[in-house]
Each structure stands twice: as C-alpha cells, then as structure tokens.
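Reading through the structure tokens given below for one structure.
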Amino acid sequence: MLNAGNPIGVMDSGIGGLTVVRELQRILPGEDIIYFGDSANCPYGNKTSDQIFELSSHMLQFLGDNGVKCTAIACNTISTMADRLRPCFDYKIVSIVEEAAKYVLREHLGLIATEFTVASGKYAELIHEGDPECKVVGKGSPLLAALVDRGDFNQHDINTEIRTQVDNILAREKVENLILGCTHYPIVEENF
Ligand code: DGL
C-alpha cells in the first residue's frame with residue numbers, strides 16, 4: 001500500500017545519480033530515498049535503446065517492488081526514454097531531462113551528454129517547446145561517464161575528453177552556457 005511515508009526511488013546507470021540524491025536530501029530532508037545505480041552495466045550511453053529499456057525496466061521493477069511512491073530517473077540517457085517506460089509501471093516516474101529543460105536559460109546553448117542522449121534530440125525538442133529560436137549545439141562523449149563511474153579520477157584522461165568535446169561545440173557555435181547533460185559530469189565540474 002503506497003502512502004506519503006513511502007520512500008522515493010532514484011535510479012541511474014551508476015554513481016552519477018548521487019548528485020541528484022544530494023539535491024533531493026537538501027530540499028526534501030524528511031524523505032527516505034532508495035538509490036539504484038547500475039554500475040555493473042555502466043555506461044548506458046553507448047548501448048542500444050532496447051538494451052537501455054530492458055536494464056532500466058529491471059531497476060524500475062526493483063524500486064516498485066520495494067514500495068517507492070515515485071521514482072526520479074536521474075540518468076539523462078534513461079530519461080530520454082521516459083515516455084516508453086512510463087506505461088509499463090503503475091507509479092509516478094519523473095524524468096530529469098523533462099525537468100531540466102524547463103529551467104535552462106533561453107539562449108544559444110551547448111549540450112554535452114552521452115552519445116545516446118545527444119542523438120535522441122530530447123533536450124533540443126523540449127527546449128524548443130519553450131523557445132523555438134534557441135539553438136542547441138550538442139556533442140556526445142563516448143568516454144566521460146565511464147571514466148567518472150570507474151572512480152579513478154585520472155585528471156589527464158578526463159581533461160583531454162572534456163577539452164575534445166567542448167572544443168567541438170565551440171568550433172560550431174560560440175555558446176556561453178553549457179548543459180552538463182549527464183549525472184556523472186557535475187562530479188568533475190571543476191575540470192570543466
Ligand atoms: N549518468 C548517465 C546520464 O546521466 C549516463 C552515463 C552512462 O553512459 O551510463 O546520462
């Protein structure tokens with residue numbers, strides 16, 4: 001039986017969603033949280049949509065079985081598939097991409113995220129609902145989430161990957177704001 005005292009679920013492909021848990025604990029200190037980070041299968045960003053759907057469904061099922069009243073999909077990559085996942089579960093599912101897109105500044109934006117998230121076009125689609133003129137210049141990183149999830153914060157590899165992808169964005173558009181469209185990236189925000 002679900003009630004207001006039930007926990008909130010938070011799920012991610014790995015440790016990145018802990019950045020979302022930190023914020024939830026700050027704004028909702030009275031809530032219990034069950035966190036599921038699938039580091040065994042991380043990174044998700046290089047997988048197919050069917051693979052991501054199957055792995056994510058297992059996480060949502062596990063959280064539902066443990067009585068969560070809602071689940072926040074912290075992972076941007078999984079969030080792009082929220083419309084496909086929601087009909088399979090009978091509890092509330094919140095997508096970070098849908099929420100984040102409401103709050104970004106309405107001007108030309110850079111987006112760095114997993115290759116899957118960028119290819120999905122979901123950020124651009126949702127941002128254009130707010131401002132059709134806003135230009136979103138995206139670049140996927142095939143490496144950064146896995147480098148962070150592994151926990152060996154090799155500064156050289158991380159900085160090289162960030163530099164490569166951000167330079168690619170800047171070569172196309174002189175954006176002044178960059179969306180860190182992957183939960184793992186705020187962990188290395190200082191490197192950006
Ligand atoms: N943390 C995930 C995200 O926010 C992606 C990391 C991964 O590739 O698994 O997109």
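The figures here come from the full heavy-atom set of this structure, side chains too, leaving out hydrogens, waters and symmetry mates. All ligand and atom numbering here is 1-based and tracks the order in the structure.
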What I'd like to find out is whether the side chain of Arg150 reaches to under 4.5 Å of the side chain of Cys42, using heavy atoms alone.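 Result no, sub-4.5 Å side-chain heavy-atom pair not found.
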Ion pair present between [X] and [Y], side-chain N to carboxylate O less than 4.0 angstrom?
| X | Y | value |
| --- | --- | --- |
| Asp50 | Arg84 | yes |
| Lys122 | Asp83 | yes |
| Glu31 | Lys69 | yes |

Heavy atom of [X], distance to ligand 1 below 4.0 Å:
| X | value |
| --- | --- |
| Gly14 | no |
| Cys75 | yes |
| Gly16 | no |

Among all protein heavy atoms, pick out the one at the shortest distance from atom 8 (O) of ligand 1; state its residue, atom name and that distance to 0.1 Å. Gly45 N, 2.8 Å
Could you identify the single nearest non-hydrogen protein atom to atom 10 (O) of ligand 1 and state the distance to 0.1 Å? Thr77 OG1, 2.7 Å
Heavy-atom neighbours of Arg172 CZ exceed 12 at 6.0 Å: yes
So for ligand 1, is Thr117 a polar contact partner (N or O within less than 3.5 Å, distance only)?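 No, there is no polar N/O contact under 3.5 Å.
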Do any N/O atoms on Asn46 end up under 3.5 angstrom from N/O atoms on ligand 1?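 No - when backbone and side-chain N and O of Asn46 are compared with those of ligand 1, no distance drops under 3.5 Å.
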Give the atoms of ligand 1, by number and element, whose distance to some non-hydrogen atom of [X] is under 4.0 Å.
| X | answer |
| --- | --- |
| Ala145 | 6 (C), 7 (C), 8 (O) |
| Cys182 | 1 (N), 2 (C), 3 (C), 4 (O), 5 (C), 6 (C), 10 (O) |
| Cys42 | 9 (O) |
| Asp12 | 1 (N) |

Using heavy atoms and a threshold below 4.0 Å, how should the contact between [X] and ligand 1 be classified: side chain, backbone, both, or neither?
| X | value |
| --- | --- |
| Ile96 | neither |
| Thr114 | side chain |
| Pro43 | both |
| Ser13 | side chain |

Using modelled atom types only, decide if a donor and an acceptor are shared between the side chain of Thr160 and the backbone of His156 within a distance under 3.5 Å.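 Yes: the side chain of Thr160 pairs with the backbone of His156.
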So which heavy atom on Tyr185 is nearest to which on Ile112, and how close? CE1-O, 3.5 Å
Passing option when Tyr35 is tested against Leu18, Leu63, Ile8 for side chain to side chain contact (heavy atoms under 4.5 Å, CB included):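 Passing option: Leu18.
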In terms of hydrophobic clusters joined by side-chain contacts under 4.5 Å, are Met81 and Tyr91 together?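 As far as the 4.5 Å side-chain criterion goes, Tyr91 and Met81 are connected within one cluster.
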